[in-house]
Amino acid sequence: MARFELVLSIAKRSDNNELYTEEREYMCYCKDPRDIKEITETVNEIVHEEFEESIEGEVLFGSADIIINESTVLIMSYK
């Protein structure tokens with residue numbers, strides 16, 4: 001099974017209107033690292049879970065960097 005890294009950066013607003021960022025790193029697995037559809041589905045699931053479980057602050061926007069063999073192959077942004 002192939003793997004890829006995911007660096008998730010999230011910009012949030014706290015209850016007292018302060019802006020701050022969080023960065024999380026994940027090691028993910030896929031059948032084929034050339035299958036962008038499979039990779040984006042995995043990343044979307046993780047991002048969705050992060051948004052659903054976010055209890056500290058309102059999520060404003062962020063980005064997800066997908067890294068395979070130490071090279072960034074895809075950057076996804078969201079808001």
Side-chain angles (χ1 to χ4, degrees):
M1 187 148 257
R3 68 179 188 192
F4 64 93
E5 296 174 61
L6 168 62
V7 178
L8 186 60
S9 302
I10 305 170
K12 295 183 175 183
R13 183 188 342 254
S14 67
D15 291 339
N16 57 0
N17 278 337
E18 292 180 2
L19 298 177
Y20 64 99
T21 59
E22 292 181 358
E23 187 170 291
R24 300 181 187 214
E25 296 181 13
Y26 297 87
M27 184 61 64
C28 305
Y29 296 91
C30 60
K31 293 177 185 172
D32 182 1
R34 294 167 291 174
D35 185 353
I36 297 300
K37 181 179 178 188
E38 179 186 10
I39 291 172
T40 55
E41 286 174 357
T42 301
V43 171
N44 284 334
E45 286 177 20
I46 293 170
V47 169
H48 182 73
E49 287 176 13
E50 284 291 335
F51 280 19
E52 290 292 314
E53 295 175 2
S54 180
I55 56 175
E56 292 184 21
E58 172 189 10
V59 175
L60 301 175
F61 58 89
S63 67
D65 293 12
I66 293 87
I67 303 163
I68 299 175
N69 296 329
E70 299 182 15
S71 295
T72 301
V73 296
L74 183 64
I75 298 174
M76 300 170 66
S77 57
Y78 50 89
K79 60 180 181 173

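We're numbering straight along the sequence, starting at 1. Values reported hereafter were calculated over all heavy atoms of this structure, with side chains retained and with hydrogens, waters and symmetry mates removed.
Ile68 and Ile36 fall within a single hydrophobic cluster, where Ile, Leu, Val, Met, Phe, Trp and Tyr are joined by side-chain heavy atoms under 4.5 Å apart, directly or via other members. Hydrophobic clustering of Ile, Leu, Val, Met, Phe, Trp and Tyr side chains at less than 4.5 Å, counting indirect connections, keeps Leu74 apart from Val7. Criterion: ILVMFWY side-chain heavy atoms under 4.5 Å apart, direct or through other members. Under it, Ile67 and Tyr78 are not part of a common hydrophobic cluster. The hydrophobic clustering, which links ILVMFWY residues whose side-chain heavy atoms are closer than 4.5 Å, places Val73 and Leu6 together.
Shown here are the salt bridge (Lys or Arg N to Asp or Glu O under 4.0 Å) partners of Asp35, two or more places apart in sequence or in another chain: there are none. Listed by chain and residue number, Glu50 satisfy the side-chain hydrogen bond (donor to acceptor under 3.5 Å, both in side chains) test with Tyr26 (two or more places apart in sequence, or in another chain). Shown here are the side-chain hydrogen bond (donor to acceptor under 3.5 Å, both in side chains) partners of Asn69, two or more places apart in sequence or in another chain: there are none.
Closest approach of Ile46 to Cys28, counting heavy atoms only: CD1-SG, 3.6 Å. When every heavy atom of Thr40 is checked against every heavy atom of Lys37, the shortest pair comes out as OG1-O, 3.0 Å. What you find for Glu38 and Asp32 is that their closest heavy atoms are OE1-N, 3.4 Å.
Between Arg24 atom CZ and Ile10 atom CD1 the span is 5.5 Å, to the nearest 0.5 Å. Remark: Cys30 SG to Ile66 CD1 distance equals 11.0 Å, nearest 0.5 Å. Of the inter-residue distances, the one linking Glu5 atom CD with Met27 atom CE reads 4.5 Å to the nearest 0.5 angstrom. Within the model, atoms OG of Ser63 and CG of Leu8 stand 7.5 Å from one another, a figure rounded to the nearest 0.5 Å.
Counting only heavy atoms from C-beta outward, the side chains of Phe4 and Pro33 never approach each other to under 4.5 Å.
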